[in-house]
Asks: 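Before I ask anything, here is the structure I am working with.
Computed from a prediction, not measured in an experiment: that's the story for all the values here. The chains referred to below are lettered A, B, ... by the order of the sequence lines, with proteins before strands, and numbering in each begins at 1.
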Amino acid sequence: MDQSALIPHLFRTEFGRITSVLAWRFGIAHIEVAEDIAGETFLAAMETWPYKGIPDNPTGWLYTVAANKAKNYLARDTNFQKKIAPELRRGEEAVNAQDIDLSPGNIKDSQLRMLFAICHPAIPQEAQIGLALRVLCGLGIDEIAHALLSNKETINKRLHRAKEKLRDEDIVIDLPPAAEIEQRLDTVLTTLYLLFNEGYYSETHDEMIREDLCREAIRLASLLTESEQTNIPAVNALLALMCFHASRFAARRDSEGDMVLYADQDESLWDQQLIARGVGYINAASRGERLTRYHVEAGIAYWHTIKEDTPEKWENILQLYNILLQIQYSPVAALNRTFALAKARGKEEAITEAEKLQLTTNPYYYTLLGELYADQDHAKARSYLDKALSLAVTRADRRSIRQKLDRLS
Amino acid sequence: MKEYLLLYRMDVTTVPNRTEEQAAQVMQLWMDWIGGIAAKGQLVSRGSRLEATGRVLRSGNVVTNGPFTDIKEVLGGYSLVKAADYDEALQMAAGCPVLNMGGSVEIREQAGM
């Protein structure tokens, strides 16, 4: 890797690690100090490396510099000495560089602890996503705003308020007690699931940022499988779901960056390695008693990795949607169930069920009705698709509805 | 929206012994029907199937097995749904597989505590 690519790469992988270790050492109230020191460390690398050359062990160099900066900061800042040093973790007297433990073990532990601190039930969901992207994934405010289709100011405010909340609630950067882990993991998994979805369903045409969000969600979820305390079936189920979805990344966009619908995708572009990884996680997820929505959604996603339309495939998908809806209702799941019903049992039965749904403000509802009526009643199909078009918000949705209208005539 | 308890009753003496495949088919009928209610966002709780036998406790610490021996239709399961009124609840219940097995659905509005 050449120098111009190395620093951004290291930034992405190491910023979160350094920040997590320092914030754990300083306490949550000083998370911004931790971020600043991590940032300054990379600034130092950018200033030094072009002249002195890239060190033999770039990561080790960063850790040494970060540890020294932390040590200097602790020694220099009298305010810190008075107010923070006494509260420092483990109550040690002397603060020296050896206390900044950037060993692989502590890095991993610190990231896990930070993940739980950020995904604390007291922090609003959208702020959790922003914090995770900033603190654990090293994304800049610009990148986060871009990824979440927001602006810099909003994201800044959101992160600021979230950090205040972390301080006010005096949230400890630590793993929850064993008895609470499963419950707290629910929040962590929801955030990782949303983080992944932000990437997977994002409207932005910026392929890089979308894949980055999905990759980071997978990386953070993988972190949970590496620790015995957090490697529970639901985590594996979520990872399986993410792998199956992510396997279709290359096939989902055409050369113009527009969405390619599932039925039209070239399955030779599906990533078989990721699918195999997902199957491994599904197997790991199937121990234990608790059936989560992630298990069911992973099952649905698994059947979608088989391109061939068989009655068995759609019957399985239909039954999984039946279960998913009983665990958690959502309009999307209700519509997808009806689509699966059409595939498994025929359009007539699906039309009867679809008309019961009455999701009259949902463009996808009318798109589905339009599709179900396409072979039976052209006029009806057209009027439903017109209705869908009038309700559709995104460019991509309008485009795909127009395609369906074109196919009718 | 009000909540209605659906009580599924059927004559257990007429239930045929089912092969595994037949049992799976019956299960699928139930899942399709309950899935349809869930797809409308009107399932409060799937509830449960019930075993055919149980215990009844009466005052004086009298415990009996039953009381099902003298009653033809026994309670086989229950679910909780949301509906605007009895009409809608009845419409929902109309697709219940128990009706094709000689059973009945009892629909009771929740009265609150």
Asks: Is the number of heavy atoms from other residues, nucleotides or ligands under 6.0 Å of Y365(A) OH greater than 12?
Replies: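 Counting neighbours around OH of Y365(A), more than 12 heavy atoms of other residues, nucleotides or ligands fall under 6.0 Å, so yes.
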Asks: Is it the case that more than 12 heavy atoms not belonging to R399(A) sit under 6.0 Å from its CZ atom?
Replies: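 It does: R399(A) CZ has more than 12 such atoms within range.
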Asks: For the residue pair A39(B) and A334(A), what are the closest heavy atoms and their distance?
Replies: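 Smallest heavy-atom distance, with atoms named: O-CB, 3.1 Å.
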Asks: So with a 6.0 Å cut-off around OH of Y302(A), is the heavy-atom count from everything else above 12?
Replies: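 Atom OH in Y302(A) is not packed in, count stays at 12 or less.
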Asks: Quick check on the interface: out of L341(A), L359(A), L357(A), who has the most heavy-atom pairs with chain B under 4.5 Å?
Replies: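 Top option by heavy-atom pairs under 4.5 Å: L357(A).
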Asks: Using a cut-off of 6.0 Å, state whether more than 12 heavy atoms not belonging to R46(B) lie near its atom CZ.
Replies: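 Not buried by this count: 12 neighbours or fewer within 6.0 Å.
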Asks: Using heavy-atom distances under 4.5 Å, tell me whether Q326(A) contacts chain B through its side chain, its backbone, both, or neither.
Replies: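 It is both, since atoms from each part get that close.
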Asks: If I compare all heavy atoms of D32(B) with all of R345(A), which pair ends up nearest, and what's the gap?
Replies: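 D32(B) and R345(A) have their closest heavy atoms at OD2-NH1, 2.6 Å.
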Asks: Please report the closest heavy-atom contact between G35(B) and L325(A), naming both atoms and the distance.
Replies: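 Reported closest heavy-atom pair: O-CD1, 4.1 Å.
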Asks: Of the backbone (N, CA, C, O) and the side chain (C-beta and beyond), which part of Q358(A) lies under 4.5 Å from a heavy atom of chain B, both, or neither?
Replies: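 Neither; nothing under 4.5 Å.
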Asks: Consider side chain to side chain contact (heavy atoms under 4.5 Å, CB included). Of L320(A), L318(A), N322(A), which one does M31(B) pass it with?
Replies: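 That would be N322(A).
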Asks: Between Q91(B) and chain A, which part of the residue has a heavy atom less than 4.5 Å away: side chain, backbone, both or neither?
Replies: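 For Q91(B), neither part sits under 4.5 Å from chain A.
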Asks: Is R18(B) atom CZ crowded by more than 12 heavy atoms from other residues, nucleotides or ligands, each under 6.0 Å away?
Replies: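 More than 12 within 6.0 Å, yes.
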Asks: CE of M27(B): more than 12 outside heavy atoms within 6.0 angstrom?
Replies: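 For M27(B), atom CE is not crowded (no more than 12 foreign heavy atoms under 6.0 Å).
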